[in-house]
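Quick caveat: nothing in here was measured; it's all calculated off a predicted structure. Residue numbers run from 1 in the order of the sequence given.
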Amino acid sequence: MSGMQAETENPLVFTNAAATKVSALIQAEGNPNLMLRVFIQGGGCSGFQYGFSFDEEEKDGDTRVDTDGVTMLVDPMSLQYLMGAEVDYTESLQGSQFVIRNPNATTTCGCGSSFSV
């Protein structure tokens, strides 16, 4: 049985690279209950901005995506903008960062952290 089947059920993708980094950050925090929360907020140069935070509790209506034992949470309002997106972690010469590849974004700013739909 391949692990691909479970991923198609999720409205967004939480890559292994992102899960590995989040796991390392959670270990550094020393709190195994932490989960990564991805959210959308206003105020980016293109209208909206991605946000990341740690959260200990799953709230009503949250969408939960589990990868390699790490949980990512997305609230219902943010999910409508993140449907089909991929949350990844990349390391490059510009530095290491979480990256969201969002098929719903019509324009993004140069930093890739804000977008409009």
Side-chain angles (χ1 to χ4, degrees):
M1 188 176 95
S2 75
M4 294 305 290
Q5 199 174 352
E7 288 188 25
T8 55
E9 297 168 16
N10 292 325
L12 66 168
V13 176
F14 184 31
T15 69
N16 298 89
T20 300
K21 182 59 181 178
V22 171
S23 179
L25 292 170
I26 289 171
Q27 284 177 353
E29 290 286 325
N31 182 349
N33 299 321
L34 292 176
M35 296 171 276
L36 178 70
R37 179 172 291 283
V38 179
F39 55 92
I40 302 297
Q41 56 194 12
C45 59
S46 296
F48 292 104
Q49 203 166 335
Y50 300 115
F52 299 94
S53 67
F54 280 121
D55 202 335
E56 275 190 286
E57 63 184 66
E58 197 171 335
K59 297 181 175 53
D60 281 349
D62 277 350
T63 294
R64 176 187 181 121
V65 182
D66 293 296
T67 300
D68 297 341
V70 181
T71 302
M72 177 176 69
L73 302 172
V74 184
D75 66 86
M77 199 286 288
S78 297
L79 182 64
Q80 60 189 338
Y81 297 108
L82 288 168
M83 214 40 122
E86 179 182 86
V87 178
D88 196 8
Y89 180 77
T90 61
E91 296 185 20
S92 67
L93 294 173
Q94 288 81 35
S96 307
Q97 61 182 4
F98 286 102
V99 179
I100 297 183
R101 293 181 189 89
N102 189 344
N104 308 306
T106 53
T107 58
T108 58
C109 72
C111 61
S113 62
S114 66
F115 69 102
S116 63
V117 287

Mind checking whether [X] and [Y] have side chains closer than 4.5 Å, heavy atoms only?
X     : Y     : value
Arg37 : Asp62 : yes
Thr15 : Tyr89 : no
Phe14 : Val74 : no
Pro11 : Thr63 : yes
Met72 : Val22 : no

- Side chain Ser78, main chain Phe39, donor-acceptor under 3.5 Å: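 No: the side chain of Ser78 does not pair with the backbone of Phe39.
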- Spell out, as yes or no, whether a donor-acceptor pair under 3.5 Å connects the side chain of Thr67 to the backbone of Ala19.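 Absent.
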In chain order, what residues pass the side-chain hydrogen bond (donor to acceptor under 3.5 Å, both in side chains) check against [X], with sequence neighbours excluded?
X      : result
Asp66  : Arg64, Thr71
Asn102 : Tyr50, Asn104
Thr107 : Ser116

- Item | Single-linkage hydrophobic cluster Val65~Phe98, side-chain heavy atoms < 4.5 angstrom | yes
- Examine Ile100 and Leu79 and state if one hydrophobic cluster contains both, with Ile, Leu, Val, Met, Phe, Trp and Tyr joined whenever side-chain heavy atoms are less than 4.5 Å apart. yes
Donor-acceptor contacts, no H, no angles, side chain residues 25-33, under 3.5 Å, sequence neighbours left out:
unit_1	atom_1	unit_2	atom_2	d
Asn31	OD1	Asn33	N	2.9
Asn31	ND2	Glu56	OE2	3.0

- Query: With sequence neighbours left out, which residue pairs that include part of residues 92-105 fulfil the salt bridge (charged side-chain N to carboxylate O under 4.0 Å, His left out) condition?
  - Reply: Glu86-Arg101, Asp88-Arg101
- Among all residues two or more places apart in sequence or in another chain, which pass the salt bridge (charged side-chain N to carboxylate O under 4.0 Å, His left out) test with Asp75?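 Asp75: no salt bridge (charged side-chain N to carboxylate O under 4.0 Å, His left out) contacts found.
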